[in-house]
> 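The structure follows.
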Amino acid sequence: MIREFVDRETERALLDEEWQKDGGRLIILYGRRRIGKTRLVTEFIRGKEGILHFAEDTAPQIQIRRLQEAVARFFADPLLATLEITSWDQLFTYLARIPLSERRYLVIDEFTYLIKNDPAILSALQKAWDTALAGSNWCILLSGSMLGLMTDSALSYTSPLYGRRTRDMLLGPLRFCDARTFLPSFSFRDALKAHLTIGGIPEYLLKAGDHPDYATFVEKEFFNKYGYFYREPYFLLSQEFRELKTYQAILNAIAVGNTIPGSIAQFCGMDARHLYPYLEAMIRLGFIEKELPLLGNRRQGLYRIKDPIFDFWYNFVFSHRQAIETESLSSDAVDMNPYFGKQFEVFVRYEFSRKIFPGYTLGRWWYRGEEIDLVAVRESDASIVFGECKWGSLTEREARGVLTRLVRKAEHVRHDRYPNERFCLVAGGVEGKDRLREEGFLVYDLEDIEAACSTG
């Protein structure tokens, strides 16, 4: 059954805009596995004419032959099908010489397989583009999942395609409000927990949606040696990196709370000076990110795992592999609340806060053991919001305690440029939130988050 295509309005609009422009178009679409690139491409070419080719990880001559056959079928050219074509240059020269009176597409899905097995394809495409394709009616879209290969070979300034592409698009995960549509049987809280576990990856969400609730999903797919996600992060890493043990150790270190280079290196048993190339490689590919405090010392950066499935996996699966292999681990025996508390902060800061504080710059603040989960500033009216996030439910007394401590911590933040300050609390539930709001506090819980998602 074909599922409803969710979101991606911006991406579809950009692709259609490229289609409508004059001359040749060369689009590079990339993003991690399972992110929905193929489905986006399928929607884009619906109702259009052209060649859709799915590349495979096989020998170059086989790859050339398969694309040759696809081109021959499209142009109904039996002669081309019988020719002995042995290079990409010959094949792209053929395409360049065919006059097109109307726009047509050539889509190569998993283009990275072609680069991996024969980098000469890049130079061949460059030559054909410069000699004919740039002024033609071809709309060429190259899609790939190997982020390192796409960025280094197709996007970098050293690439033969540098300066030729007319659009490049890094496809990111779905926002929660769109992602939850994949989980119709989940309660709102369970849907949010799933999002904090696997992120907005469409293929992952479809797998979660096969289960009636979050607990069953995690039990069957993570804490099961035959589960879909039991080895998934390992496969993702092996696609990009060779020194898997080192990268795994670094991710494990960050997942369990080591966020500065010194503590990460100590956890991994390596010299901190040798750590930075690994960190930079994972930042470049979106596995981790370096956070800087908003209105704080910009030299005090912290590292965190950006992709939630890696954070969850290294917190709970990597450390319990023996129990999972022997089928002696139950999800009930694992306390996930600290993890959800950490990820809930990230969700509030980068998703929910964008709805309630439009136009604000968002981040967090920390200094010498003190931390504020959310800081939002807006230059236009010199406004600043300080916020705390709590995954659990709070009594009114507990909520007042959190807000009192927040006001006190805010005194340590240098925010003279923002005299209009407010204080915010976001939690799973807040008793007496209406009374707190009457006193001027901004208070939200899961009911408010659900309402915000319902309004789009």
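This is a predicted model, so every value here is computed, not measured.
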> Looking only at heavy atoms, what is the nearest atom pair of Glu56 and Tyr113, with distance?
O-CB, 3.6 Å

> Under a 3.5 Å cutoff, is there a donor and acceptor pairing between the side chains of Tyr234 and Gln248?
no

> When rounded to the nearest 0.5 angstrom, what distance separates CD1 in Ile384 from OH in Tyr418?
7.0 Å

> Are a donor atom and an acceptor atom from the side chains of Glu110 and Ser145 found within less than 3.5 Å of each other?
yes

> List the steps, then state whether side chain to side chain contact (heavy atoms under 4.5 Å, CB included) holds for Leu251 with Met282.
CA-CA 9 Å; Leu251 286 167; Met282 286 193 284; 3.8 Å; yes

> Quick one: do Thr197 and Tyr214 satisfy side chain to side chain donor-acceptor pair (under 3.5 Å)? Show the steps, please.
CA-CA 10 Å; Thr197 300; Tyr214 177 80; 2.7 Å; yes

> Minimum heavy-atom separation for Asp109 to Ser143, with atom names?
OD1-OG, 3.2 Å

> Between Asp381 and Arg422, is there a salt bridge with N-O shorter than 4.0 Å?
no

> Under a 4.5 Å cut-off applied to non-hydrogen side-chain atoms, are Ser353 and Leu362 in contact?
yes

> With a 4.5 Å heavy-atom cut-off, do Arg25 and Trp19 have their side chains touching?
no

> Before giving the answer on salt bridge (charged side-chain N to carboxylate O under 4.0 Å, His left out), spell out for Asp16 and Lys48 the whole-Å C-alpha distance, their side-chain angles and the decisive distance to 0.1 Å.
CA-CA 11 Å; Asp16 284 332; Lys48 303 177 176 70; 3.5 Å; yes

> Check Arg34 with Glu232, please: is the shortest side-chain N to carboxylate O separation under 4.0 Å?
yes

> For His195 and Phe176, take the angle between the two ring planes, folded into 0 to 90°, and tell me which bin it lands in: parallel under 30, tilted 30 to 60, perpendicular over 60.
tilted

> So, for Tyr444 and Phe352, is the gap between ring centers shorter than 6.0 Å?
yes

> Can Glu43 and Arg46 be counted as an ion pair, charged N to O under 4.0 angstrom?
yes

> Is any side-chain heavy atom of Leu192 less than 4.5 Å from a side-chain heavy atom of Leu196?
yes

> For Glu280, is there an ion pair with Lys290 - N to carboxylate O distance below 4.0 angstrom?
no

> Counting only heavy atoms not in Gln322, do more than 12 sit closer than 6.0 Å to its CD atom?
no

> Looking at Pro173 and Ile201, what are the two nearest heavy atoms and their distance?
CB-CD1, 4.1 Å

> Answer yes or no: is there a donor N or O on one side and an acceptor on the other, between the side chain of Gln63 and the main chain of Thr58, under 3.5 Å?
yes

> Between Arg349 and Asp373, does at least one N-O distance fall below 4.0 Å, as a salt bridge requires?
no

> Could you tell me whether the side chain of Ile250 reaches within less than 4.5 Å of the side chain of Ile264, counting heavy atoms only?
yes

> Checking the side chain of Asp168 only, and the main-chain atoms of Ile28 only, is there a donor and an acceptor separated by less than 3.5 Å?
no

> Considering only heavy atoms from C-beta outward, does the side chain of Phe54 approach that of Ile108 to under 4.5 Å?
no

> Counting heavy atoms not belonging to Asp416, are there more than 12 under 6.0 Å from its CG?
no

> Between Leu446 and Arg189, what is the shortest heavy-atom contact and its length?
CD1-NH1, 3.4 Å

> Do Lys342 and Asp311 meet the salt-bridge criterion of a basic N to acidic O distance under 4.0 Å?
yes

> Could you check whether any side-chain heavy atom of Phe357 comes within less than 4.5 Å of a side-chain heavy atom of Cys424, counting everything from C-beta outward?
yes

> Between Arg417 and Glu379, is there a side-chain N and carboxylate O pair less than 4.0 Å apart?
yes

> Classify the angle between the aromatic ring planes of Phe287 and Phe241 as parallel (below 30°), tilted (30 to 60°) or perpendicular (above 60°).
tilted

> Taking the six-membered ring for Trp, are Phe312 and Phe316 closer than 6.0 Å centroid to centroid?
yes

> Go through the steps to decide whether Phe423 and Val407 satisfy the test side chain to side chain contact (heavy atoms under 4.5 Å, CB included), and finish with yes or no.
CA-CA 7 Å; Phe423 298 92; Val407 172; 3.9 Å; yes

> Just how far is it from atom OG1 of Thr42 to atom CG of Leu52, taken to the nearest 0.5 Å?
6.5 Å

> Taking only Lys NZ, Arg NE, NH1 and NH2, and the carboxylate oxygens of Asp or Glu, determine whether Glu240 and Arg284 approach each other closer than 4.0 Å.
no

> Describe, in one word, how the ring planes of Tyr367 and Trp365 are oriented to each other, choosing from parallel (under 30°), tilted (30 to 60°) and perpendicular (over 60°).
tilted

> Given the rule in the ring-ring contact (aromatic ring centres under 6.0 Å, His included) test, do Phe44 and Tyr105 qualify, once you have shown the distances and angles that lead to the verdict?
CA-CA 10 Å; Phe44 164 60; Tyr105 63 79; 7.3 Å; no

> If only atom types and distance count, is the side chain of Asn117 paired as donor or acceptor with the main-chain N or O of Leu114 below 3.5 Å?
no

> When the ring planes of His211 and Phe217 are compared, do they come out parallel, tilted or perpendicular, using 30° and 60° as the limits?
tilted

> For Glu388, run the salt bridge (charged side-chain N to carboxylate O under 4.0 Å, His left out) check against Lys409, Arg400, Arg405, Arg408 and tell me which one passes.
Lys409

> Between Glu221 and Gly227 (side chain of the first, backbone of the second, donor and acceptor by atom type, cut-off under 3.5 Å), is there such a pair?
no

> Considering non-hydrogen atoms only, spot the tightest contact between Gly200 and Ala179 and give its length.
CA-CB, 4.4 Å

> Working to the nearest 0.5 angstrom, can you tell me the gap between Leu141 CG and Ile51 CD1?
13.5 Å

> Apply side chain to side chain contact (heavy atoms under 4.5 Å, CB included) to Met169 and Tyr30, showing your working.
CA-CA 6 Å; Met169 299 169 60; Tyr30 63 115; 5.9 Å; no

> Got a sec: does the CD of Glu447 have more than 12 other heavy atoms crowding it under 6.0 Å?
no

> Is Lys116 salt-bridged to Asp57, cutoff N-O under 4.0 Å?
yes

> Mind listing the closest non-hydrogen atom pair of Cys139 and Ile27 along with its distance?
SG-CD1, 3.9 Å

> When you measure from the side chain of Asp118 to the backbone N and O of Ile121, does any donor-acceptor pair fall under 3.5 Å?
no

> Can a donor-acceptor pair be found between the side chains of Glu421 and His415 at a distance below 3.5 Å?
yes

> Quick one: do Glu325 and Arg321 make a salt bridge, cutoff under 4.0 Å?
no

> I'd like to know if the side chain of Glu398 and the backbone of Thr395 have a donor-acceptor N/O pair within less than 3.5 Å.
yes

> Do Pro308 and Tyr339 have side chains that approach each other closer than 4.5 Å (heavy atoms only, starting at C-beta)?
yes

> Are the ring centres of Phe318 and Trp313 closer than 6.0 Å?
yes

> Please check if atom CG in Asp335 has more than 12 non-hydrogen atoms from other residues, nucleotides or ligands closer than 6.0 Å.
yes

> Is there side-chain contact between Leu161 and Leu142, with at least one heavy-atom pair below 4.5 Å?
yes

> Going by atom types only, do Glu18 and Thr166 share a side-chain donor-acceptor pair under 3.5 Å?
yes

> Run the salt bridge (charged side-chain N to carboxylate O under 4.0 Å, His left out) check on Glu17 and Lys21 step by step: do they pass?
CA-CA 7 Å; Glu17 182 181 310; Lys21 290 180 179 178; 3.6 Å; yes

